[in-house]
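Letters go in sequence order (proteins before strands), and every chain restarts at 1. What you see is a predicted model; the values in this text were computed from it and never measured.
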Amino acid sequence: MIRLQNIEKVYRTDTVETLALNSVSLDIAKGEFLSVMGPSGCGKSTLLNIMGLLDMPTKGEIRIGDNKTENLTDKQLAQFRNKTIGFIFQSYHLINDLKVIDNVELPLLYRSLSAKERKELAGKALEKVGLSNRVKHFPTQLSGGQKQRVAIARAIVGRPEIILADEPTGNLDSAMGNEIMDILLQLNQRDGTTIVMVTHDENMAKKTHRLVRLFDGSQVQ
Amino acid sequence: MIRHLFKLAWNKKKQNFLLITEMFVSFIVMFAVFTLMVFYYNNYKTSMGFDYDNVWVANYTPPQNITTTDSFQIFHQSLGNMVRSMPQVNDISFTSANVPFAMSTNSTEVSFGNNRHIRTNVYQTENDYKKVLNLKMAEGRWFTDADKITGKYTPVVINSKLKESLFGNTAAIGKIIREEQFDEVPPADKYRVIGVAENMKDKGDYQEVENGMFVAIDTGWMRNAGNILIHVKPNADAAFEGRLSKALSNAIGTSIEIEHLDKKLQSKNLLMLVPLIIALIVAGFLIINVALGLYGVLWYNINKRKAEIGLRRAVGASGADVSKQLVGEALVLATIALIIGTFFAVQFPLLNVFDLPAGVYITALLLAVLFIYLLVLFCALYPGRQAAAIYPAVALHEE
């Protein structure tokens, strides 16, 4: 599903060159649930951004499905992200000025769907994460766990084949974290969604199919 | 997407209130400026209705030592003959002080049927006044010597605008016009229309055509007549002007002043443009302030909303989509301000404020709407493009 070959990422400033990823190669199968672990600053989020086509590697090749991604234009990359990838972030990244339902609808705005269709799909996604009763609330009226469930609903509303989750339980207590993990496992098992999750939590990582460890930008496991 | 933009604008109404107010005030100011500009432009396009090239006006104080009406008549005849006899002079006409492009006005109120209290300029003229200014007749005729015979009604020539005000589309020739007295006194039949002249824009290029009525100078008026319109030949130069001035001064015995109508027009036009220039300066400063404010707020918004921009990029927005969204949001705010502004602006034609034609207000309104949209678009384009250039991975790290 996702193939990374010899991925290298270097961040350059005027005076400093930082090697964030050093020759990382990964094959992630369709329907796999992979977790990425490693200390802070080891390149986990960089790897996820590169997988999510939010960032470009300095060297190496990324294939998602049968698609090579290096020659895609900004517009093509955006469309690819919109249709294939769902993102979940540690800090939720909800838009506080929009209601829950409008936040969930967000990826669908960039597809040619009617308002009715968008609303219907967003409603179903919220139902999946158990938040049907919160559609008209604003994010500021929700708890951390509820916010993350809204973020999951937003990630799955467009029925992507891949979900990239960057420390989805990092801001939550263990009970809330388990709830979120259960939803992700369900998405993986029931819908066959490929999930790549960055986490610091060994217990969460143990629940996934495979664990990849990074250290100083290199894959160590 | 448009619905989404309106939703965002509505949900952020408190934050957007000042921005909308700023746009609304700018719209109202621009509406006022454009109203003035459209009004002036429409007037400018209207034909002057007479020729002022090579027309001079000699202003003098009538001599005080002549006491009888007969003596005044003789004095004017000899003065007129003296000027006419000069080789550089084509025609002359004694007239009242409200010569074209002068500050002086002379007006009265007339009525016909139910059309009461119609204010009109009154011009005291002679038979050659039409020739001096090359006035065009729309109907009927100009004054002749036969009109000097005193009758029941004073013969008058009116302009097309007054004809329309008094008679609408019906014929004017031969009709009797009443002159309004004080409110408690009923108007008395006084004038008989013998001709309709084309409109004369005698207050300058930018002035609206006003009602006008030409009356032949009678002997009573001769005592006050202190203005001669002189149509000179193109070769009339400063040396001739000096000779003319000297000859008139010797004949009249008081100081005289000679002015050229084309120069009077220039100074009158400048005077008419003063309010527009002031309005443009005030509006210019305001617009610069609004543009800088708008630009600053949009720039600030982008920096404040980097995480949101990153998120939108992650869920499928291209750089162009982000740019369009930010420009769209600014245009939505402008639309809200313009809807409120238009509500107030349309009251002007509806309530006939300042008695301007509705077309002037409507044109000004459309121009002001277009101007505000262009201003907002101009101010939003660059911040929008900057937002499009934000790298999504970097933006997503902003909290």
Student: Would you confirm whether the ring centroid of Phe344(B) sits within less than 6.0 angstrom of the ring centroid of Phe27(B)?
Tutor: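 So the answer is no for these two rings.
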Student: Pick whichever of Ala314(B), Ser318(B), Ala320(B) has the most heavy-atom pairs under 4.5 Å with chain A.
Tutor: Ala314(B)
Student: Less than 4.5 Å to any heavy atom of chain B: does that hold for the side chain of Asn49(A), its backbone, both, or neither?
Tutor: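 The side chain, not the backbone.
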Student: Could you grab the distance from atom CE of Met181(A) to atom CG of Asp201(A), nearest 0.5 Å is fine?
Tutor: 9.0 Å
Student: Quick one: sort the Tyr206(B) and Tyr44(B) rings into parallel, tilted or perpendicular, breaks at 30° and 60°.
Tutor: parallel
Student: Kindly write out the residues that satisfy side-chain hydrogen bond (donor to acceptor under 3.5 Å, both in side chains) with Thr15(A), not counting sequence neighbours, or none if the list is empty.
Tutor: none
Student: Tell me, side chain or backbone of Arg111(A) under 4.5 Å from chain B's heavy atoms, or both, or neither?
Tutor: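 For Arg111(A), neither part sits under 4.5 Å from chain B.
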Student: So, taking the atom named CG in Leu164(A) and the one named CZ in Arg81(A), what distance separates them when rounded to the nearest 0.5 Å?
Tutor: 11.5 Å
Student: Looking at Leu77(A), Leu106(A), Leu108(A), Asn96(A), which one has more heavy-atom pairs under 4.5 Å with chain B than the rest?
Tutor: Leu106(A)
Student: Measuring heavy-atom distances to chain B, does Phe138(A) have an atom under 4.5 Å in its side chain, in its backbone, in both, or in neither?
Tutor: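 For Phe138(A), side-chain heavy atoms alone lie under 4.5 Å from chain B.
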Student: Kindly determine whether Met23(B) and Val376(B) satisfy side-chain contact (heavy atoms from CB on, under 4.5 Å), including the steps that lead there.
Tutor: CA-CA 9 Å; Met23(B) 290 176 187; Val376(B) 171; 4.0 Å; yes
Student: Given the options Gly319(B), Pro392(B), Ala317(B), which has more heavy-atom pairs under 4.5 Å with chain A than any of the others?
Tutor: Ala317(B)
Student: For Asp102(A), is it the side chain, the backbone, both, or neither that has a heavy atom closer than 4.5 Å to a heavy atom of chain B?
Tutor: side chain
Student: As a quick check of understanding, evaluate side-chain contact (heavy atoms from CB on, under 4.5 Å) for Leu184(A) and Asn188(A), giving each step before the final call.
Tutor: CA-CA 6 Å; Leu184(A) 292 177; Asn188(A) 174 251; over 6 Å; no
Student: Tell me yes or no: between the side chains of Tyr391(B) and Arg313(B), is some donor less than 3.5 Å from an acceptor?
Tutor: no
Student: May I have the step-by-step check of salt bridge (charged side-chain N to carboxylate O under 4.0 Å, His left out) for Lys161(B) and Glu210(B), ending in yes or no?
Tutor: CA-CA 7 Å; Lys161(B) 185 154 197 297; Glu210(B) 292 178 349; over 6 Å; no
Student: Could you tell me which residues in residues 3-20 of chain B have at least one non-hydrogen atom under 4.5 Å from a non-hydrogen atom of chain A, sorted by residue number?
Tutor: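 Result: Arg3(B), His4(B), Lys7(B), Leu8(B), Asn11(B), Lys12(B), Gln15(B).
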